[in-house]
Colleague: 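Got a structure here, written out as structure tokens. Questions coming.
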Amino acid sequence: SRDSQILERYDDIDFRSNFSGVHGDGFYKVIDGMYEQLARESEWKDDCFIEMAFKNGLKPSVGAVRVHGRGLFDRAVVSVWEQGAWTRLVPKSVEKGEDVITLRFDRAVPVDRLRLDFPGDKGSRNKLEIFEIEISNH
């Protein structure tokens, strides 16, 4: 009974990223509901990202984004595609737990594309592990 609008919507999302999957392309793992299973990882990139383009009628309303992971996952920055450019969503609140961060926004925004950036420190070991990404409307 999870609230994620993208849970197991494998055929309805085109993913793009600049860091590695651990199970083939690894993208299906970020929405399969397994909080403890590594989906994507990076160690030396300065700035990692994951983009999601929604299709087949899927248009989630982004009121909150929850990321399960380790390392720099808690630096997540959420952006949506508007009028030909990425627009950052500023969270109203950020809740951090062990291996999970939840970014909540003022209102739910219906989106066609969503991007998560994980900024790193230049020239440093920037360990990033992503297990699951969830989108809810509240």
Side-chain angles (χ1 to χ4, degrees):
S1 64
R2 295 196 179 131
D3 189 26
S4 180
Q5 298 173 60
I6 59 174
L7 177 64
E8 297 180 340
R9 298 292 298 261
Y10 306 116
D11 296 330
D12 302 326
I13 305 170
D14 288 331
F15 288 92
R16 195 169 86 82
S17 179
N18 68 343
F19 64 109
S20 302
V22 295
H23 301 278
D25 73 11
F27 289 120
Y28 76 96
K29 294 300 299 167
V30 300
I31 60 170
D32 70 353
M34 301 295 290
Y35 295 151
E36 299 289 329
Q37 221 169 46
L38 184 59
R40 302 197 72 75
E41 66 180 342
S42 178
E43 195 156 345
W44 292 102
K45 284 192 179 293
D46 293 340
D47 297 303
C48 294
F49 72 86
I50 296 176
E51 292 178 7
M52 295 177 231
F54 305 107
K55 59 185 184 179
N56 301 328
L58 177 62
K59 187 168 184 150
S61 290
V62 180
V65 173
R66 181 173 292 117
V67 181
H68 299 264
R70 291 195 181 113
L72 299 181
F73 83 100
D74 63 354
R75 294 185 182 183
V77 175
V78 178
S79 300
V80 296
W81 188 255
E82 292 181 324
Q83 301 176 351
W86 291 108
T87 301
R88 181 178 178 180
L89 295 180
V90 178
K92 167 179 75 171
S93 68
V94 177
E95 302 163 19
K96 292 183 180 183
E98 185 176 342
D99 299 336
V100 64
I101 185 171
T102 304
L103 298 102
R104 296 191 190 282
F105 306 99
D106 282 333
R107 59 184 175 81
V109 178
V111 298
D112 295 313
R113 292 172 62 186
L114 182 106
R115 179 179 169 113
L116 293 169
D117 286 286
F118 304 93
D121 299 319
K122 301 278 186 228
S124 295
R125 181 174 181 234
N126 292 306
K127 184 74 172 166
L128 173 63
E129 297 178 345
I130 301 296
F131 301 129
E132 187 80 7
I133 297 171
E134 300 176 292
I135 297 173
S136 66
N137 61 6
H138 54 75

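Every value quoted in this text rests on a predicted model; they were computed, and no experiment measured them.
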Colleague: Determine whether a donor-acceptor pair (N or O, by modelled atom type, separation under 3.5 Å) exists between the side chain of Ser61 and the backbone of Asn137.
Modeller: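 Pair absent, no side-chain N/O of Ser61 close to backbone of Asn137.
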Colleague: Backbone N or O of Val78 within a donor-acceptor pair of the Arg115 side chain at under 3.5 Å?
Modeller: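 No, the answer is negative, given that no donor and acceptor are paired below the 3.5 Å cut-off.
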Colleague: Counting N and O atoms only, with roles assigned by atom type, does the side chain of Asp117 sit under 3.5 Å from a partner on the main chain of Pro119, one being a donor and the other an acceptor?
Modeller: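 Not confirmed, Asp117 side chain does not pair with Pro119 backbone.
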Colleague: With rounding to the nearest 0.5 Å, note down the distance linking CD1 in Ile50 to OG in Ser17.
Modeller: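 Nearest 0.5 Å value for the CD1-OG distance: 5.0 Å.
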Colleague: Rounded to the nearest 0.5 Å, how far does CG of Asp74 lie from NZ of Lys96?
Modeller: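 Interatomic distance, Lys96 NZ to Asp74 CG, rounded to 0.5 Å: 4.5 Å.
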Colleague: Would you check if Pro60 and Val111 make a side-chain contact, meaning some heavy-atom pair closer than 4.5 Å?
Modeller: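 The answer is yes, as the side chains (C-beta and beyond) meet within the 4.5 Å cut-off.
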Colleague: Going by heavy atoms in the side chains, are Asn126 and Asp121 under 4.5 Å from each other?
Modeller: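 Counting from C-beta outward, Asn126 and Asp121 do come under 4.5 Å.
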Colleague: Within a 6.0 Å radius of atom CG on Asp11, are there more than 12 heavy atoms belonging to other residues, nucleotides or ligands?
Modeller: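 Not more than 12 within 6.0 Å, no.
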Colleague: Heavy atoms, side chains only, cut-off 4.5 Å: are Glu132 and Val67 in contact?
Modeller: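 Not touching, per the 4.5 Å side-chain cut-off.
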Colleague: Check whether any side-chain heavy atom of Phe19 sits under 4.5 Å from a side-chain heavy atom of Ile130, and report yes or no.
Modeller: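 Yes; the side chains approach each other to less than 4.5 Å.
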Colleague: Can you list the steps and then say if Phe15 with Ile31 is a side chain to side chain contact (heavy atoms under 4.5 Å, CB included)?
Modeller: CA-CA 11 Å; Phe15 288 92; Ile31 60 170; 4.1 Å; yes
Colleague: Does Phe105 belong to the same Ile/Leu/Val/Met/Phe/Trp/Tyr cluster as Val80, with side-chain heavy atoms less than 4.5 Å apart forming each link?
Modeller: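 As far as the 4.5 Å side-chain criterion goes, Val80 and Phe105 are connected within one cluster.
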Colleague: Decide whether Ile13 and Tyr28 are clustered together by the hydrophobic rule: side chain heavy atoms of Ile, Leu, Val, Met, Phe, Trp, Tyr closer than 4.5 Å, transitively.
Modeller: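 Yes, one cluster joins them.
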Colleague: For Phe118, is the NZ or CZ atom of Arg75 found under 6.0 angstrom from the centre of its six-membered ring and inside 45 degrees of the ring axis?
Modeller: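 No cation-pi geometry.
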Colleague: Apply side chain to side chain contact (heavy atoms under 4.5 Å, CB included) to the pair Met52 and Val30, showing each step before the final yes or no.
Modeller: CA-CA 11 Å; Met52 295 177 231; Val30 300; 5.8 Å; no
Colleague: Is it possible for you to check whether Arg113 lies under 6.0 Å from the centre of the six-membered ring of Phe54, through NZ or CZ, and within 45° of that ring's axis?
Modeller: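 Judged by the rule, Arg113 and Phe54 form no cation-pi pair.
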Colleague: Give, for atom NZ of Lys45 and atom CG of Leu72, the distance between the pair rounded to the nearest 0.5 Å.
Modeller: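 Answer rounded to 0.5 Å: 13.5 Å.
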Colleague: So, do Asp47 and Lys122 sit near enough that their side-chain heavy atoms are less than 4.5 Å apart?
Modeller: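 They are in contact (side-chain heavy atoms under 4.5 Å apart), so the answer is yes.
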Colleague: Going by atom types alone, do Arg66 and Thr102 pair a side-chain donor with an acceptor below 3.5 Å?
Modeller: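 The answer is yes; a qualifying pair exists.
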Colleague: Which atom names give the shortest non-hydrogen contact between Ser136 and His138, and what distance separates them?
Modeller: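 That closest heavy-atom pairing would be OG-O, 2.8 Å.
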Colleague: How many angstroms lie between atom SG of Cys48 and atom CD of Glu43, to the nearest 0.5 angstrom?
Modeller: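 Going from the SG atom of Cys48 to the CD atom of Glu43 covers 11.0 Å.
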Colleague: Hey, mind stepping through Asp99 and Arg70 against salt bridge (Lys or Arg N to Asp or Glu O under 4.0 Å) and telling me if it holds?
Modeller: CA-CA 6 Å; Asp99 299 336; Arg70 291 195 181 113; 3.6 Å; yes
Colleague: Would you indicate whether the side-chain heavy atoms of Lys29 and Arg40 approach each other to under 4.5 Å?
Modeller: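 Sidechains of Lys29 and Arg40: no contact.
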Colleague: Hey, any chance Leu58 and Leu116 share a hydrophobic cluster, counting ILVMFWY side chains that come within less than 4.5 Å of each other, even indirectly?
Modeller: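 Cluster IDs for Leu58 and Leu116 match.
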Colleague: Look up atom CG in Asn56 and atom CG in Asp12, then write down how far apart they are to the nearest 0.5 Å.
Modeller: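 One finds 4.5 Å between CG of Asn56 and CG of Asp12.
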Colleague: Show your reasoning for whether side chain to side chain contact (heavy atoms under 4.5 Å, CB included) applies to Gln37 and Asp32.
Modeller: CA-CA 10 Å; Gln37 221 169 46; Asp32 70 353; 4.1 Å; yes
Colleague: Does the side chain of Glu41 come within less than 4.5 Å of Lys127's, by heavy atoms?
Modeller: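 Sidechains of Glu41 and Lys127: in contact.
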Colleague: May I have the step-by-step check of side chain to side chain contact (heavy atoms under 4.5 Å, CB included) for Phe27 and Arg16, ending in yes or no?
Modeller: CA-CA 9 Å; Phe27 289 120; Arg16 195 169 86 82; 5.7 Å; no
Colleague: Find out if a path of hydrophobic residues (ILVMFWY) with successive side-chain heavy-atom gaps under 4.5 Å connects Val94 to Phe73.
Modeller: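 Result: yes, single cluster for both.
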Colleague: Please determine, by modelled atom types, if His68 and Glu134 share a side-chain donor-acceptor pair under 3.5 angstrom.
Modeller: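 Judged by distance alone, the side chains do pair up.
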Colleague: Treating Ile, Leu, Val, Met, Phe, Trp and Tyr as nodes and any side-chain heavy-atom pair under 4.5 angstrom as an edge, say whether Trp81 and Val77 lie in one connected cluster.
Modeller: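 Per the 4.5 Å side-chain linkage, Trp81 and Val77 are not co-clustered.
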